[in-house]
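The chains referred to below are lettered A, B, ... by the order of the sequence lines, with proteins before strands, and numbering in each begins at 1.
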Amino acid sequence: MNHWRRIAVLTTLLAAIAVPIAGCGSSGTTAATSATGGSADTLRIPYLGDMSVPDPDIFYDIEGNSVILSSYEGLVKYAPGSSQIVGALATSWTVSPDRLTYTFHLRPGVHFHDGSALTAQAVKASFERRLAVNQAPAYMLKPIASMQTPDALTLVVRLKHPVNPFIDYMASSWGPKIIGPGALVTHGGSDHAQKYLQTHDDGTGPYELTAFERGRQYVLTRFGGYWGAKPKFRQVLLKITPDIGTQELELKNGGVDAILHSFPASELSSLPSNLRVDEYSSYLRLLLYVNTNKPPFNNPAVRKALASSIDMTQLVNEAYSGTATPSTGPYPPGLLPSQPALNYTPNAALAAAGPKAASTKSITLAYTADESGVQRRVGELLQARLQTAGWQVTVKEVQLPQVYGYITNLKSAPDLLLITNTPDAAHPDTWARILFYTTGGLNFFGFHDATLDKQLDQALGAPTAKATALYQQVGQRVIDSNSIFFLGDVKNVFVMNKKLTGVQQVPAYPWTVDLAALSSGGK
Amino acid sequence: MTTLIARRLVALVAVLFGLAVIVFVLQAVIPADPARAMVGASASPQVVAAKRHQLGYDKPLPQRFVDFMGRLARGDLQDSLRTRNPVATDLGTFAPATLELALVAAAIAGAIGIALGLTLVAGGRAARWLRIVLIGGASVPTFLTGLLAILLFYSTLHLLPASGRLDDTLAMPDGPTKLLLIDSILHGDPNLFFSALKHIIMPAFTLALLPALAIARTLATSTQQVMREDYVRTARSKGLRERTVLLRHALRNAAGPALTMSGLQFGLLLGGIVVIEQVFAWPGLGLYLDQSIAYADFPAITGTTLLLGGAYVIVNFLVDLAQAWADPRIRTV
């Protein structure tokens, strides 16, 4: 039987050939090749999935913000770490006393990536393009009645009616970005350059999008003609790595330099010594929606009892391991000067009254899928609390498009929904209108309060003091309705190589840092 | 043979039709709103309604089904709701990576399966240990094997990369095949070749493991049965060497069940690809499908499902041809 052994030996030898092959060729990514470990001019950051398209007038997700904000700029932006609006492509702006006319004075000496100069005409063309494309972010410009360009560096925008958050729209990460004539004229075609901007950019940002390889990576290359401070890294690679476990291993081994979201909170305390965690406040909030359209939660008394089941401190502490804090009001912190306080006080006796008064004790709790698993954990904790109170709770994971579909059949929608949301900008209207208004896009269970709708309509154009009061009243009505519970304020958590410095972030720009400000060891 | 081909073509059409119906029913049953997901939460009700109308989601269900099947019959897979590209273009972008991974995995599965199968036939202590390994190996989920492989070969030994299809500093070649191992040879670029090889080894081996074990067990069983046949005894009595008896006489006759198993395993392999492409960030159809499901991108889901289903039928057709070659009795059926 010697020949059988020979076959077995040959097989082993064949398998062993694979190992030396691994050592051939280029240095590759098997060892540390990141900015902080190898080629110091390239920064590597993973994305959990592809962005939809790198077109600022269509893009409306979170994953991909870094691409848009690095390659394009708006007229204004938020200052690092705050909600203070500062100039970007506009050096200054004025607002008329009737709050209908905005005059923007543009920064001279700014060039698009195609080499052409920034002009007021280009800004006007970009605004018109956003309205023509008419996708989700177009709503920010819908209030515009007319635009004039009295000179090359002045844009005058006239609104149809006062819109308090208008300047915040301009500063939003999904706000209007200025696109150059290289795209809109040369490659405009019949679709307003939508096809061209699926794989290219023509902004004024510190980086150019030089490669967009769907499923693999996006390459941002330093723009030599940038008007501002020169980015430290010559190149940024945004690598599509859909498994957070693989991302973690690559970060620990130097294959990438930073993970900007969804790092499992429970593992933050056991990171290797070459990594650090930076935590910053954000406007991301964990919410519990209540389906008020069917039993048992169409009964206000049952919803009130539900509020007594919620122990925010326990939920947040156990699920987020310090990367979130219990919410204190209906708006993200900092959006309103003062806001009504939440009154969720755990009380076992009151909580038990809910299922007793309900027509059914069997309820469904849905949570949206997230890579870090934190919402599943919150769901399980809530399930345990509610079952202690006497409910029979079925927990299920759902995808976001399913959640959007609930409004079409509210009777078959789940009873409770856990989801994390963020406002478009640092203005209370961008939170209240989308969540609380009857037709709001994130009002998943169609909560309806005619008075609240009216107050929001009044607040949109009201003087600041009155608007603030109206937003506070709206917040109080939502709290009293127990239709949405505000559970936690989630932080932006960046896990990165210790050598990476210059982290600048904005609370209103989730999962994003200013890539142009980052450097390796200050170089 | 003509009958066999005709039958398989009919089966291909039937399978694709069945898959199309299933995808449509799922699309109709799941209470998702792709139009809202596409235009975003802040879009006005008018914009959402316009998008819903544009996509045809506001039509009655029977009308939608007729439109859907009509488009498929014309080969129109529509545009992806997420990437905004024609789905056919997206499939052209992602399919080569999956094809290359599947081909390499199938080759590895075949090679390992045959080698292990023959080792089992040989018997002895090695075979006893191998049986234990086979039973143990078959019970490990593919994603876990993948993660363990990354931990060992990437994180601990620093031998192989954890993700992607190519070093991130290397540019993708323009073609012609879009299969990197072949294109790198055609371009005479050893750097590209070895980078592609290093990246494909771990996902391909992980993907090949379960099919290889199944093929090995089937081949071993069928070979052991054939080795007890009269004609094998006759061959031995003629003084032929055991290896010659096995390779020239027994193996061909024992190949039928192993080939059938290979066809079945290819289906499992395609299923495993979705998981493996996630774990290894392999930019193929599995990754595309996963991202499309999360977005309720039904045109993309439909296109990918039909392509993978078609591939499964075609591979099983090729297996039938191989069986007909191995066993002439099948050709007359």
If you tally heavy-atom pairs under 4.5 Å against chain B, which of A:Val398, A:Ile407, A:Leu249 wins?
-> A:Leu249
Side-chain donor-acceptor contact under 3.5 Å, B:Tyr154 with A:Asn253 = no
Chain B shares the most heavy-atom pairs under 4.5 Å, among A:Asn443, A:Val219, A:Leu237, with A:Leu237
Option that, when pairs with chain B are counted at under 4.5 Å, heavy atom only, ranks first among A:Pro401, A:Gly405, A:Ala136 | A:Pro401
Check for a donor-acceptor pair, side chain of A:Asn291 on one end and backbone N or O of A:Phe445 on the other, with a separation under 3.5 Å.
-> no
Can you tell me how far CD1 of B:Ile276 sits from OG1 of B:Thr206, rounded to the nearest 0.5 angstrom?
-> 5.0 Å
Which region of B:Gln291, side chain (C-beta onward) or backbone (N, CA, C, O), has a non-hydrogen atom less than 4.5 Å from a non-hydrogen atom of chain A, or is it both or neither?
-> side chain
Between A:Asp50 and B:Tyr288, does any side-chain donor sit less than 3.5 Å from a side-chain acceptor?
-> no
Select one option (side chain, backbone, both, neither) describing which atoms of A:Gln399 are under 4.5 Å from chain B's heavy atoms.
-> side chain
Checking heavy atoms, do the side chain of A:Ile434, its backbone, both or neither come under 4.5 Å from chain B?
-> side chain
Chain B contacts, top residue of A:Gly215, A:Ala413, A:Pro242 (heavy-atom pairs, under 4.5 Å) = A:Pro242
A:Lys252 versus chain B, the contacting section by heavy-atom distance below 4.5 Å = neither
For residues A:Tyr196 and A:Asp191, is any side-chain donor paired with an opposing acceptor at under 3.5 Å?
-> no
Which bit of A:Glu213 comes within less than 4.5 Å of chain B, counting heavy atoms only: side chain, backbone, both or neither?
-> side chain
Ionic contact status for A:Glu250 with A:Arg44, cut-off 4.0 Å = no
If only atom types and distance count, is the side chain of B:Ser292 paired as donor or acceptor with the main-chain N or O of B:Ile301 below 3.5 Å?
-> no
Taking the six-membered ring for Trp, are A:Trp431 and A:Phe436 parallel (under 30°), tilted (30 to 60°) or perpendicular (over 60°)?
-> perpendicular
Would you tell me whether A:Asn134 and B:Lys51 have side-chain atoms, one donor and one acceptor, within less than 3.5 Å of each other?
-> no
Who wins among B:Ala296, B:Pro283, B:Ser155, B:Ala97 for the most heavy-atom pairs under 4.5 Å with chain A?
-> B:Ser155
If you tally heavy-atom pairs under 4.5 Å between each of B:Asn85, B:Leu147, B:Leu151, B:Thr93 and chain A, the highest tally belongs to B:Asn85
Counting heavy-atom pairs under 4.5 Å to chain B, which of A:Asp61, A:Thr246, A:Ile58, A:Val53 comes out on top?
-> A:Thr246
Portion of A:Ile240 that has a non-hydrogen atom of chain B nearer than 4.5 angstrom = both
Segment of A:Asn421 engaging chain B (4.5 angstrom heavy-atom cut-off) | neither
Would you tell me whether A:Ser172 and A:Asp424 have side-chain atoms, one donor and one acceptor, within less than 3.5 Å of each other?
-> no
Between A:Arg214 and chain B, which part of the residue has a heavy atom less than 4.5 Å away: side chain, backbone, both or neither?
-> both
